[in-house]
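To start, the structure under review is shown below, and the notes come after it.
Bear in mind the structure is a predicted one, so any value in this text is a computation, not a measurement. Worth knowing before you read on, the calculation uses all heavy atoms, side chains too, and leaves out hydrogens, waters and symmetry mates.
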There are 4 protein chains.
Amino acid sequence: MTTHTASLFSIATGSADPIYRQLVEQVRRLVVSGQLAPGDEMPSVREIAQALALNPMTVSKAYGLLEMDGVLARRRGLGMIVAGTAGAGKPAERAALLRPTLERAAREARELELDPRTALDLFAAILKEAQ
Amino acid sequence: MTTHTASLFSIATGSADPIYRQLVEQVRRLVVSGQLAPGDEMPSVREIAQALALNPMTVSKAYGLLEMDGVLARRRGLGMIVAGTAGAGKPAERAALLRPTLERAAREARELELDPRTALDLFAAILKEAQ
Amino acid sequence: MTTHTASLFSIATGSADPIYRQLVEQVRRLVVSGQLAPGDEMPSVREIAQALALNPMTVSKAYGLLEMDGVLARRRGLGMIVAGTAGAGKPAERAALLRPTLERAAREARELELDPRTALDLFAAILKEAQ
Amino acid sequence: MTTHTASLFSIATGSADPIYRQLVEQVRRLVVSGQLAPGDEMPSVREIAQALALNPMTVSKAYGLLEMDGVLARRRGLGMIVAGTAGAGKPAERAALLRPTLERAAREARELELDPRTALDLFAAILKEAQ
DNA sequence: GTGGTCTAGACCACA
DNA sequence: GTGGTCTAGACCACG
């Protein structure tokens with residue numbers, strides 16, 4: 001499962017936003033996109049910590065927040081699983097998670113007095129190159 | 001100029017990213033979009049601080065960074081002005097400032113397994129509604 | 001007896017307090033209230049474990065604590081029975097088991113600056129609706 | 001303010017539920033009971049930590065949860081204040097916070113086959129003695 | 001084995 | 001000065 005763990009997450013230790021938050025958001029996206037299904041067992045805290053060279057407490061903090069959020073569920077002494085309530089995620093639901101970033105982009109475009117057409121073309125290009 | 005100041009910036013004190021950074025980025029966008037032209041006088045630190053109810057040191061820090069960046073220029077004893085070198089901003093240059101946010105959006109869309117088409121449509125809708 | 005077992009206990013696996021403790025307290029209350037009389041045979045560990053989908057070790061731990069407490073007695077090779085010493089329970093004795101929770105409620109009411117009258121009325125209402 | 005801090009909270013380090021949660025719940029009750037009003041400055045993390053002989057991180061964790069819950073608000077670099085949205089707390093609202101514990105007491109009373117009358121009398125006595 | 005909690009101490013970002 | 005984050009290491013509760 002370790003190899004699985006390593007490929008499941010990609011953490012930028014030097015990033016602006018904290019590691020635990022990167023973990024939280026990635027798990028949330030993996031769940032809502034269906035790559036993690038309800039009932040799936042999550043890698044253990046220690047496993048992730050070792051695979052990503054993090055302190056277990058950092059991972060634990062992320063798990064704790066995800067549990068509070070209802071995304072993960074704790075099975076005492078047995079580890080965490082993806083919560084049953086965590087909907088598989090319809091396209092509309094997934095799009096909702098993308099909205100904040102796109103709204104920010106729209107605001108910036110407006111402040112830059114960029115033509116909507118230009119902004120859209122740029123986004124299209126970026127989506128293509130990242131493919 | 002005070003009334004001008006209040007309307008020039010919009011600061012969200014409760015936002016995730018720090019106030020000084022919001023100031024820096026807003027000034028940068030105003031300059032590159034031509035809403036602030038080279039030679040224009042910037043409001044004084046204390047003027048902005050008072051208008052937006054901020055700590056003067058916060059405003060000062062933003063001005064310092066903008067000066068380091070060559071966006072603003074300091075005239076000893078006379079306040080800051082928009083630097084002459086600060087180009088009015090060709091479209092390509094402006095688009096460059098939008099890129100990071102769009103790249104982030106593209107990455108999130110991929111992690112959500114959203115169709116590029118869907119992401120683009122959503123962006124188009126947001127751009128339209130924000131108009 | 002299995003059917004009996006399932007209805008005898010109600011375990012909330014997602015609850016805040018541990019499963020083994022829920023078992024211990026429920027047995028203690030059943031005994032002191034007379035619903036389990038001295039000499040009664042308790043369901044076997046594996047029987048309870050299967051009926052409630054619990055780890056047998058969890059049930060075993062609860063039985064161990066109840067034995068230490070003198071509530072249950074172990075008959076080698078024959079399972080556990082309700083201890084003879086486990087008095088049927090006079091009202092005063094039963095009330096003692098309720099005290100801790102009520103003391104906690106009283107403390108919380110005080111911290112909430114709730115009128116004792118209000119707290120009492122609320123408790124009366126809850127007792128009634130749960131009947 | 002230190003003396004204030006010491007008297008504001010009462011922590012049982014040996015208690016079953018964790019320190020950070022005791023802090024969270026006490027603050028929540030103080031806010032909803034009006035003893036802490038919106039806009040009030042909270043003691044600093046270090047101040048509480050020192051007054052109660054706790055690790056600052058433990059206090060910080062409590063503050064973080066209270067912020068996520070909307071009970072407290074962070075003023076960056078200036079400390080935490082009671083959130084404006086944190087309603088002063090009508091009696092009904094306060095009673096709601098007492099409900100869970102009373103529901104638990106009611107359930108236990110029922111399992112003990114205690115007369116509602118007896119349970120109520122016991123609660124009345126406890127409320128009186130704690131006064 | 002699992003996650004949870006706490007401590008100690010360091011460093012950073014912000015105002 | 002404020003809170004936030006991370007690390008290291010210990011201990012506990014649970015199953």
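Position along DNA chain E of the nearest nucleotide to D:Arg75 versus A:Arg75 favours A:Arg75 as the more 5'-ward residue. Judged by closest nucleotide on DNA chain F, D:Glu67 is the one of C:Arg21 and D:Glu67 placed further toward the 5' end. Where D:Ile19 and A:Leu78 each meet DNA chain E at their nearest nucleotide, the meeting point lying more 5' is that of A:Leu78.
No engagement by B:Leu54 is indicated, since no non-hydrogen atom pair under 4.0 Å with the nucleic acid exists. Using a 4.0 Å heavy-atom criterion, one finds that A:Asn55 contacts the bases of the nucleic acid, with or without backbone contacts as well. When heavy atoms are screened at a 4.0 angstrom cut-off, D:Arg46 is found touching base atoms of the nucleic acid.
Looking at C:Asn55, its side chain does come within 3.5 Å of a backbone N or O of C:Met57 through a donor-acceptor pair. Under a 3.5 Å cut-off, the side chain of D:Ser33 and the backbone N or O of D:Arg29 do form a donor-acceptor pair. Looking at C:Glu111, its side chain never comes within 3.5 Å of a backbone N or O of D:Gln26 through a donor-acceptor pair.
In this structure, the nucleotide among F:dG3, F:dA8, F:dC6 sitting nearest to the side chain of A:Thr58 is F:dC6. Distance from the side chain of D:Pro18 is smallest for E:dC6 among the nucleotides E:dC14, E:dC6, F:dT7. Residue C:Tyr20 places its side chain closer to F:dC14 than to any other of F:dC14, E:dA15, E:dC6. Closest to the side chain of A:Ser60, out of E:dA8, F:dC14, E:dT5, is E:dT5. Side-chain atoms of A:Arg74 lie closest to E:dG4 of the nucleotides E:dT2, F:dG3, E:dG4. Minimum atom distance to the side chain of A:Lys61 is reached by F:dT5, of the listed F:dT5, E:dG3, E:dC14. Nearest nucleotide to the side chain of A:Met57, out of F:dG4, E:dT7, F:dC6: E:dT7.
Taking a cutoff of 4.0 Å between a charged side-chain nitrogen and a carboxylate oxygen, C:Glu103 and C:Arg107 do not qualify as a salt bridge.
The two residues D:Arg76 and B:Ile19 come nearest to each other via the heavy atoms NH2-N, 3.3 Å.
Going from atom CG of D:Leu65 over to atom C1' of F:dT5 covers 15 Å, rounded to whole Å. Rounded to an integer number of Å, the gap from CD of D:Gln50 to P of E:dT7 is 14 Å. Taking atom CG of A:Asp17 as the reference point, atom P of E:dC12 lies 18 Å away to the nearest angstrom. E:dG3 atom C1' lies 14 Å from atom CD of A:Glu41, rounded to whole Å. Separating the CG atom of C:Leu52 from the C1' atom of F:dG15 is a distance of 15 Å, rounded to the nearest angstrom. Remark: C1' of E:dC6 and CD1 of D:Ile48 are 17 Å apart, rounded to the nearest angstrom. For the pair A:Tyr63 OH and E:dT5 P, the interatomic distance rounds to 16 Å; values are reported in whole Å.
The partner of F:dC14, taking Watson-Crick or G-U wobble pairs whose two distances both stay under 3.5 Å, is E:dG1.
For D:Gln50, the CD atom counts as loosely surrounded, since its 6.0 Å shell holds 12 or fewer non-hydrogen atoms of other residues, nucleotides or ligands.
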